[in-house]
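Data block below; observations after.
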Amino acid sequence: MQNPKGRIMMHRLHNMLRTILTMAVVAAVTLVGVASSFAMDKVTLKDGTVLQGEITREMDDGTLFFTIVIGELRQPRVIMASDIASVERDASIEERQRPGRERRVEIPDGATRVAFITLEEMVGPFFNTNALKESVRLLDELPENERPQIIVLWIDSGGGALIELTRIAPYIQNDLKPKYRVVAWIKTAISAAAMTAWVCEEIYMMPGAAIGSNTAYMSGPGGTQAMEGEALEQLLIWMERVSEWGRKHPFVMRAMQVYMDLSADIDEQGRITWRDDLRGEHIVNTKNRILSMDSIQAVRFGVAQGVAQTKEDLAKAMGLTEWVEVGHAADEYQQEFRRNVGTAQVRINELFARMNAAINAAGSAPNQREYDRQISQALRFLNEIRSWLRRAPSLVEYTGLTPDVIREIERDIREMTRGGNRGGGGGSGRPGL
């Protein structure tokens with residue numbers, strides 16, 4: 001007979017899995033051609049595992065961003081300094097770019113220096129303020145004559161967490177814009193991603209791009225529903241401020257958030273007068289829908305300054321006659337960050353499933369020894385989850401797996417251990433750690 005604490009714990013875990021493991025699983029392995037000159041570093045872990053591949057970045061604390069290479073298979077991984085026994089670096093390629101260092105580029109006199117930073121996937125865990133700050137730190141540390149004059153935020157996201165918007169928009173406004181010319185280049189910017197781009201005074205669209213559809217949702221006892229009441233009003237007020245920062249009329253953003261009529265008059269000089277009714281010459285939106293603009297509409301109504309398919313097209317649209325791309329390490333960090341979050345997300349889902357299976361198996365264990373073994377397994381899986389959360393800290397907030405929650409789960413598992421398996425045979429009743 002399964003012990004009562006085991007039943008309670010399984011019920012708690014089933015509920016927790018339904019509420020916190022709702023994020024999509026992202027594949028972490030890609031197949032690409034590997035050049036014959038690919039450098040092969042060797043990292044030996046304390047458990048004896050030997051990994052071969054390339055160190056792509058090294059953090060100050062010794063943590064490595066590492067790409068495992070097996071034939072044509074490349075798998076990114078983050079290796080914590082505490083897990084490393086030794087590192088052997090391949091020095092056979094003389095010009096090899098060492099991790100964390102900017103590749104050198106020729107900068108012609110008078111050329112405008114431009115850095116591109118990609119912001120992709122879900123706002124919050126992947127499209128993240130702290131990650132953007134790290135990329136900018138890498139740019140700030142470049143020699144002055146190599147530091148970018150323009151930062152292009154290339155955005156491709158279907159939205160995400162509004163709480164992240166309240167961090168990233170002020171960061172762009174107060175920290176980036178005073179130092180750099182900040183440009184948003186949109187492939188897809190929906191909801192929180194559109195609201196992030198809105199702070200940029202310059203927006204350019206890729207052909208077929210979309211920006212808008214900023215309906216906010218809240219989770220409550222009855223499930224997810226559209227934001228309303230005081231919360232919605234505060235968000236509308238907040239986005240009026242962001243519109244002011246981005247030098248855009250607040251009516252446009254409001255029509256992207258709530259159902260409203262929106263029209264515009266355009267004079268011979270191209271000046272736009274916005275109206276929150278349908279009396280303008282151009283009907284932009286009606287109150288039966290939420291506004292989203294394609295690239296043509298965005299340019300026509302002054303939301304964007306132009307359309308650009310390539311970096312060269314973008315530079316031309318920005319009025320650059322001669323330019324050079326710099327700050328490659330800043331975007332390489334973003335790519336590594338997103339891959340790491342994706343890998344951690346997959347592993348955490350797997351480990352939760354295995355932990356839950358171990359707890360279920362403990363509930364039906366035939367004897368105390370097997371019961372203890374399964375509980376020990378569950379605790380080991382939980383410790384691995386804790387380790388992955390340290391490697392991908394942006395997941396802590398957006399899965400709800402805070403240190404307090406992890407400690408609560410651990411406490412419940414250990415409480416089951418103290419209760420023992422009432423239906424089994426002998427054993428110590430202690431976890432087999």
Side-chain angles (χ1 to χ4, degrees), residues 19-20 22-24 119-129 153 155-170 172 184 186-200 203 205-206 208-246 248-264 274-278 282-298 300-304 397-400:
T19 57
I20 66 180
T22 57
M23 298 171 65
L119 300 175
E120 300 180 78
E121 302 184 54
M122 184 181 290
V123 176
F126 294 90
F127 183 142
N128 183 268
T129 308
L153 303 176
I155 296 175
D156 184 13
S157 170
L162 284 173
I163 188 65
E164 194 68 38
L165 166 69
T166 65
R167 299 162 184 161
I168 199 166
I172 294 170
I186 307 298
K187 181 177 182 182
T188 303
I190 302 301
S191 195
M195 297 158 101
T196 299
W198 212 248
V199 73
C200 298
I203 295 178
M205 308 284 282
M206 300 189 78
I211 184 169
S213 298
N214 303 337
T215 304
Y217 292 89
M218 296 183 65
S219 297
T224 301
Q225 59 186 11
M227 185 181 288
E228 57 186 14
E230 181 64 23
L232 176 59
E233 189 59 34
Q234 290 300 316
L235 180 59
L236 292 171
I237 292 171
W238 166 252
M239 287 312 299
E240 286 181 4
R241 179 184 300 177
V242 176
S243 296
E244 182 181 349
W245 290 345
K248 299 173 184 63
H249 198 285
F251 283 176
V252 183
M253 173 50 64
R254 191 178 186 90
M256 291 180 171
Q257 296 178 268
V258 297
Y259 297 102
M260 66 172 279
D261 293 329
L262 181 67
S263 63
W274 290 100
R275 303 176 60 104
D276 58 351
D277 55 36
L278 301 179
H282 304 279
I283 304 302
V284 180
N285 196 63
T286 55
K287 60 185 177 184
N288 62 346
R289 71 186 189 102
I290 299 294
L291 177 62
S292 178
M293 289 183 171
D294 61 25
S295 54
I296 296 173
Q297 292 170 313
R300 183 183 186 188
F301 294 109
V303 168
E397 178 175 10
Y398 293 105
T399 60

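Take Arg167 and apply the salt bridge (charged side-chain N to carboxylate O under 4.0 Å, His left out) test, not counting sequence neighbours, and it matches Glu164, Glu397. Partners of Asn285 by side chain to side chain donor-acceptor pair (under 3.5 Å), not counting sequence neighbours, listed by chain and number: Arg289. Legend: residues meeting side-chain contact (heavy atoms from CB on, under 4.5 Å) with Val284, ordered by chain and number and at least two apart, are Leu262, Ala264, Trp274, Leu291, Met293, Phe301. Annotation: side chain to side chain donor-acceptor pair (under 3.5 Å) contacts of Ser295 (sequence neighbours excluded): none. Shown here are the side-chain contact (heavy atoms from CB on, under 4.5 Å) partners of Ala189, two or more places apart in sequence or in another chain: Ile155, Ile186, Ala193, Ala194, Ile211. Not a single side chain to side chain donor-acceptor pair (under 3.5 Å) links Glu233 to another residue, sequence neighbours left out. A search for side chain to side chain donor-acceptor pair (under 3.5 Å) contacts involving Thr286 returns Asn288, not counting sequence neighbours. Scored by the side-chain contact (heavy atoms from CB on, under 4.5 Å) test, Ile290 finds Thr215, Tyr259 as partners (sequence neighbours excluded).
At least one side-chain heavy atom of Arg275 sits less than 4.5 Å from a side-chain heavy atom of Ser263. In this structure the side chain of Gln257 reaches within 4.5 angstrom of the side chain of Met239, judged on heavy atoms. By the 4.5 Å heavy-atom criterion applied to side chains, Thr196 and Ile172 are counted as neighbours. Taking the side chain as every heavy atom from C-beta outward, Val258 and Lys287 never approach each other to under 4.5 Å. Using a 4.5 Å heavy-atom cutoff, the side chains of Arg300 and His282 are in contact. The side-chain heavy atoms of Met195 and Met256, taken from C-beta on, include no pair separated by under 4.5 Å. Using a 4.5 Å heavy-atom threshold, the side chains of Lys248 and Ile203 count as touching. Residues Thr188 and Ile190 meet the side-chain proximity criterion, which asks for heavy atoms closer than 4.5 Å.
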Go through it in stages, so that I can follow the logic: the residues are Leu236 and Arg254, the test is side-chain contact (heavy atoms from CB on, under 4.5 Å), and I'd like the CA-CA distance, side-chain angles, deciding distance and then a yes or no. CA-CA 7 Å; Leu236 292 171; Arg254 191 178 186 90; 3.6 Å; yes

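Within a 6.0 Å radius of CG in Leu278, other residues, nucleotides and ligands contribute more than 12 heavy atoms.
Within the structure, side chain to side chain donor-acceptor pair (under 3.5 Å) pairs that include any residue of residues 235-245 comprise Trp198-Ser243 (at least two apart or interchain).
Note that the CD atom of Gln234 and the OG1 atom of Thr166 stand 12.5 Å from one another [nearest 0.5 Å]. In this structure, the separation between SG on Cys200 and CG on Leu153 is 5.5 Å, given to the nearest 0.5 Å.
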